[in-house]
Structures are given as structure tokens and as C-alpha cells.
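Have a look at the structure below before the remarks.
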Protein chains: 2
Amino acid sequence: MTQSSPPPGRIRNIAELARLAGVSAGTVSRALAGKTLVNKDTRERIQALAREHGFRPNQMARRLRVQETRVIGVVVPLGHEQRQHLSDPFFMAILGHLADALTENGYDIMLSRVIPDADDWLERIVDSGMLDGVLLIGQSNQYDAIEQVAKRYRPMVVWGSNRPGAAQCTVGVDNRLGGRLAGECLIARGCRNLAFLGEIDAIELNERFLGLCDAASAAGLPQPKPLHVHLASDVMAEEIAAHVAAFNGTIDGIAAGSDLIAMNTVRALADRGIVVPGDIAVTGFDDLPLAEQIIPRLTTISQHIAEGARAMVGALFERIAGEDAPSVVMRPELIRRDTA
Amino acid sequence: MTQSSPPPGRIRNIAELARLAGVSAGTVSRALAGKTLVNKDTRERIQALAREHGFRPNQMARRLRVQETRVIGVVVPLGHEQRQHLSDPFFMAILGHLADALTENGYDIMLSRVIPDADDWLERIVDSGMLDGVLLIGQSNQYDAIEQVAKRYRPMVVWGSNRPGAAQCTVGVDNRLGGRLAGECLIARGCRNLAFLGEIDAIELNERFLGLCDAASAAGLPQPKPLHVHLASDVMAEEIAAHVAAFNGTIDGIAAGSDLIAMNTVRALADRGIVVPGDIAVTGFDDLPLAEQIIPRLTTISQHIAEGARAMVGALFERIAGEDAPSVVMRPELIRRDTA
DNA sequence: ACCCCTACAACAATCGATTGCAGATTCTAT
DNA sequence: ATAGAATCTGCAATCGATTGTTGTAGGGGT
């Protein structure tokens, strides 16, 4: 608004500005950085000149020189499910919180949605020289590949499951416990025939399923049935509808692998006139904001996403500083609402 | 898996690899780039050596040199609503599609969530030297600031409204027409007292409201009431609940500014025992995937998000190539489902 | 008047890769 | 055997900023 005076001839680098100001490039650099090493008058004169010409130092050059990029890679590996979309609400919820925490600390975000075809996909990212650190959202089916890199590349934190003796620093909930909580909730309602809806190949969902089995056997119930559901949102709805159609009263409790799956399941059940939770009870997993905004409100297992995102960023900064942040395992929490 | 042989001493740059291979740095560079200028044997030998030592050229240096970064900035300006979160499902839906299109073309994504406090927020981004182009998601209340930059910086495309004579290249739907479609749908159902739920300061929502007014006056109905709703998801639900509580039967049709608002509205109405669409009809705006996964399925105005994202990326590439891609205005489309 | 110290600015090396140009080697043809 | 062409490879400049070191001018103390 107030500022105008279009730049006469555009200044492209520090050297040109230096010539214009009648000083050397080094002095301009220090002046723009606000260093006291350069005389207050010259400093302000140079800063004014830079402002007037709309000049800003090239960040690529600066970062190459200082060997610090202030960029964090946020990487979503889509190994088990290539068609899964970045718009998966869980990614987005956690990404939002990561973005908040990172931008507050002056870091930029490089977003990568990677399909791990070549086996050096993670190497390519961490060795690109473009990043000060990496946050991985989910382990997909790439646990070993991640482990390889974690052994030598420190500034990396992974959202996912923690296995004993792992080199990678993970943040996440105890998925197995979460699965058990869901199972116990369903069983307490009187459900006797449980099913699990989700993709068992992904390590996190697999553990949730195992937790559900724990709960079932503890109650002396038959082994829950795992029903496969792709994570790609376009086919998910049909798949779930097909599963639901095949129930025929054999199932009275469903633990969904995620809130998104739960939401689609409730939708599919309603389409067939099945009452939730009266006929079939349903639990979700994640506790997305969505879960309490829809009808009916989802009973679900909270992953404490906001807290987890903060923990990831905190751990990453410690590791960038050279310290050795440990993994974090959060306690999942049953949020009882309307579906179970 | 198969590859192992841990790198003996880590190679940090091309020069070290060159020494190891007994050639010059230039040759290594050409060899790794797969140029035929270097002998096939040496080329393969060097590539094998690089693979063995897990060496990858520093991208920062490369990009500085070739003056091309292969990074596109995706920027979300949060001017009118600083508390709005990146996890807004609309951002995320479009971001997902942008990410797909950009990664397919070999570009990386730098994600920025910007609160435009300093008036040079956009300059700082486009002049950083880190980006080959910029995609802006939403104009927020920064139309003029964007216009300023668009006059001199070509490779930028904006999701939002197109005003005649604008320098910025925009992609978006005709929001006013969309608003009118929503209004006409409600009126056709027999609604007589319309309300608009949304933040009128944002240019897009304002036009949707205007379109709703168009429909109302064309039908000889009173001016619809604009009811303010923050876009921050944590307060939105309460605000909407408060509006709904104040209706007392004075409103029978609601055009929501977005699907998210519509969803929360339906939820709030259900909580008060108000039947949708029987007592009050509701339309959304966006047509997120969500809209047909929830109960009840949302009647909404489609923004053709996927198509829009492709158009943005297409236009951006043309502009990067130096051509002069025009703005795109898409036709909004009424998607009739269960809420109106 | 002389010396020393401080404050400031210029010089030049550096970050790590790319690439135009020139020099060197090998090969072919005469 | 030798000119000439063809094919490689090395040298050095370049991208644009940062920063340790060196040099110089001015001021103050004796």
C-alpha cells in the first residue's frame, strides 16, 4: 500500500547492491544480516537501499554456504497402498499440527508423497542436502528400509510403532493397547462376534487388529475376522458396502482401523437399515476432529494427534541439536460417544 | 535388503568421489548425470562407485548452479482468519491433488502456511530464490498484495476469484453463480427464509453470499441473513450451535459457506431435534469427498476440486515455460443429495 | 609528535556441483 | 608414418552468499 517507488533496474544479487552502495559484497551481507560489525550509518543506508529495490538475498546460495537449510522434510510413504491419497484426513490432521509447530520455529516444510518403488527412496531424501531433518508420517510397509537409514541419519523422527531395539526414533500410540481398548468397549456392550475392518499389511493397523484379538480371547470369544479395506478413499466405500452386505447378522461388533473407515462403515450400515449401535456397534481409531462433528458421533480411540505432532517436532529439534531423543509411546484413550 | 556393504568412509562430495575414481570432478558430474560425453566404461565405473558408497550429489549446490530448483511453493495465506488451521479439509483436498500432479512431474513441494502480518509476505516467498513457481490456495483478504506481486512475477497461479483486469492468474469456480444455485435449490424446495453461514470477509465466501442474495431477490424473497462463522474448527461448532439456537423457527433454509460448515450445521440441528431437510434444508459448498460419506449425505455445490488442481498445475507449467496462461473460471454444479 | 588501539571495510576463500573450452588420447585413413 | 578426425577428460569459471583475515584510517593518550 504505502510503499511504492518501483525499482528502477532490478537488483539480482548482493554484488550489484554493493556496487550501488559503493561498498563491498561482504559489507552488504553483514549489513543485511544486521551485524554490528558494520557502521550503523552504512548499515541503515544499505538496508534502505535493499528495501527500496525490493532486494532479498538468494536463499539457495545462503543455505549452501552456511550448510543449514531450515527446511524439514515431511514425508508420507505410500508403500502398502499406492492409491492412498494425501487427502487422507489423518495425514492432514497431523500435517496441520506439524506445520504449525515447524513454522513457529522458523522452519519451512518440504512435502513429499512417496511411493517407495526404488529401494533407496529414503536415502534420496535424506541425502539430498536440502533438508535439516525429516519427519516420516507412518511406516507403511517400509519398516526395514527406515531402520537402515535411521542407523546413520540422526535427525529423523517417525510417526508409527515402536519395536524394541529399533534405531528409529518413533512417536505414536500403543496400537495394540488401542485395539484392545476398542475390543473391550465392544465386548462390554455385549458384542460377541467381532470383525476388524482395515488393511492388515500396514504395521500399525496390524497391531490394532492384534489388540482386538487379545481382547476377544481374554473374554473367551472367537477370533475376530479381519476384513480387508483399501485406504484409497474412492474404492473404500464400495469395499465396505460389500463387507457389510455379507454380514447377514453374523457380526455384532466392528472395530474399524481408522475413523475414516468407521465413518464409511456407519454410512454403509445406515444404507441397509442397520441400527448403530443397537444392531451393530462400531468403534473408530484416530479421534479426528471429524469424529465428533458427524452424525452419529464416533466412539473411537484417541491417538492424541496434536500432542503427538508436538512430540515429533520436539524430538526432531533435539536430534538436530545433536542430542539423542528417545521414542515416545503415548497411551491411547477410549472416547465414548454414540456408536459403541 | 539385498544391497549391503556399508560404505567404508563416507563420501561427502563429488571431489572426493573423483579422487577415489582417479578422475576429475567434472567427469564425475557428467558420469552421474548419465551424459554420453564420458566413456561408457568410466561412466559405469563411477556410477557403481557412487552406488557403493551411497553418494548422492548435493541438490542445493546443483540447484544454485543450474538456477532451477524443481520446487513449487504451495502457499496458504491465512489473513482473514489467523486461527484457521491447515487441516481445513478443503485445503487438504486440493493440496492432495496438487501434490499428485506436481510429484508426477518431478517437482517437490514447499508448503507454507502464512499469516500475512508483514506486508511483504509474498515477496519474501517469490524472491527467496528457492522456488520455480508458486501456487496460492485462496486469496484470503490479500487480493491487492497478490495483485502487486503478480504484475512482475509470472510463475504464480492462485486459487480463487477472478476480477476483470486482474494481473493474477486465477483458477476457481464462479462463486456467485454457485451461491445462486444453492439459493435456487433451497427456494425450489419451498424455503422462504434463508440464512448464509460463513465468514463474509473472505472474497470467495462473500461472492457466494451475493449469489444467494441474487436468488432470493429473483424470487421476491427477503434478503438472506449473513451469520458469521469462524473457520477455525475448534470454535466453529459452538458458533454454529449458537446461531441455530437463535433461529426459533425464523429460518427454513441455510446455505452454508462450505461443506465443513454445512456438516457442523446439520450436526447442530440434529442436536436440537430439528429435521433436515424437513424442517430446515441445508446446502454445502465444495463437494468434498466427505460430503457423500456422512449421514445425511450433503446436498452441495461442487467446486470440481480435482479438475481445478490440475488446471492450476497446468497453468503454472505454462507460465514457467514463459507462456501466458489465462485464468480459468469453472462452472459450479449443484449436487443434489439428502439435505436439500 | 609518536604510538597504540579501536572500528570499520575490503579481500579472498568457501560451500558443492555444473559446464564451456581447450588439451590429450586414440583411432582411421592415406 | 602422419595428418586429421573423433572421442574423452581436465581445467577453471560460475551460481550467490557468508565469514575469517588483513589492512587502513581515525582518535586518544603521553
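What you see is a predicted model, and the numbers here were worked out from it, not measured in a lab. Every chain is numbered from 1 and lettered A, B, ... according to where its sequence line falls, protein lines coming before strand lines.
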Judged by atom type as modelled, is there a donor-acceptor pair below 3.5 Å linking the side chain of [X] to the main-chain atoms of [Y]?
X	Y	value
B/Thr27	B/Val23	no
B/Thr69	B/Arg63	no
B/Asn13	B/Ala15	yes
B/Asp120	B/Glu123	no

Query raised in the report: If you fit an axis to the five pairs at each end of the helix from C/dA1-D/dT30 to C/dT30-D/dA1, how big is the angle between those two axes, to 10 degrees?
Result: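 Here the helix ends are tilted 50° relative to one another.
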Is [X] salt-bridged to [Y], going by a charged N under 4.0 Å from an acidic O?
X	Y	answer
B/Asp132	B/Arg70	no
A/Arg319	A/Glu323	no
A/Asp127	A/Arg152	yes
B/Arg154	B/Asp324	yes

Query raised in the report: When we call it a touch if two heavy atoms are under 4.0 Å apart, what does B/Ile14 touch: a base, just sugar-phosphate, or nothing?
Result: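 Sugar-phosphate: the residue B/Ile14, judged by heavy atoms under 4.0 Å, touches backbone atoms but no base.
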Query raised in the report: For B/Arg63, which contact category applies under a 4.0 Å heavy-atom criterion: base, sugar-phosphate, or nothing?
Result: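 No contact.
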Whether [X] contacts [N] is assessed here as follows: a side-chain N or O lying under 4.0 Å from the phosphate OP1 or OP2. Is that the case?
X	N	value
A/Ser29	D/dT18	yes
A/Lys35	D/dT19	yes
B/Ser24	D/dT9	no

**Report entry** Base D/dG20 to side chain A/Arg65, donor-acceptor N/O within 3.5 Å cut-off
**Finding:**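 Such a pair does not exist between side chain and base.
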Give each protein N/O atom lying under 3.5 Å from an N/O atom of nucleotides 24-28 of chain D, with the pair distance.
none

Query raised in the report: Do the side-chain N and O atoms of A/Glu204 and A/Trp159 include a donor-acceptor pair separated by under 3.5 angstrom?
Result: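 Per modelled atom types, A/Glu204 and A/Trp159 side chains form no pair under 3.5 Å.
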Query raised in the report: How do B/Thr27 and B/Met60 order along DNA chain C: which one's closest nucleotide is nearer the 5' end?
Result: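 Upstream on the strand: B/Met60.
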Query raised in the report: Pick the nucleotide of DNA chain C nearest each of B/Arg30 and B/Arg56; which residue has the one closer to the 5' end?
Result: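 This one resolves to B/Arg56.
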Query raised in the report: Where is the tightest heavy-atom contact between B/Leu64 and A/Ala61, given as atom of each residue plus distance?
Result: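 Closest approach of B/Leu64 to A/Ala61: CD1-CB, 4.0 Å.
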**Report entry** Nearest-nucleotide comparison on DNA chain D, the residue closer to the 5′ end among B/Thr42 and B/Val66
**Finding:**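 Final value for this comparison: B/Thr42.
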**Report entry** Upstream residue (5' side of DNA chain D) when B/Gln67 and B/Val23 are each assigned their closest nucleotide
**Finding:**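 Of the two residues, B/Val23 wins.
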Query raised in the report: Which whole-number value in Å describes the distance from B/Leu37 CG to D/dA6 P?
Result: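 Taking CG of B/Leu37 and P of D/dA6, I get 15 Å after rounding.
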Requested in this report: Using chain A heavy atoms and a threshold of under 4.0 Å, write down where along DNA chain C the contacts begin and end, 5' to 3'.
Outcome: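 First-to-last contact on DNA chain C, by the 4.0 Å heavy-atom rule, is C/dC8 to C/dG16.
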**Report entry** Worked check of side-chain contact (heavy atoms from CB on, under 4.5 Å) between B/Gln139 and B/Gln168
**Finding:** CA-CA 11 Å; B/Gln139 289 153 320; B/Gln168 57 191 279; 3.2 Å; yes
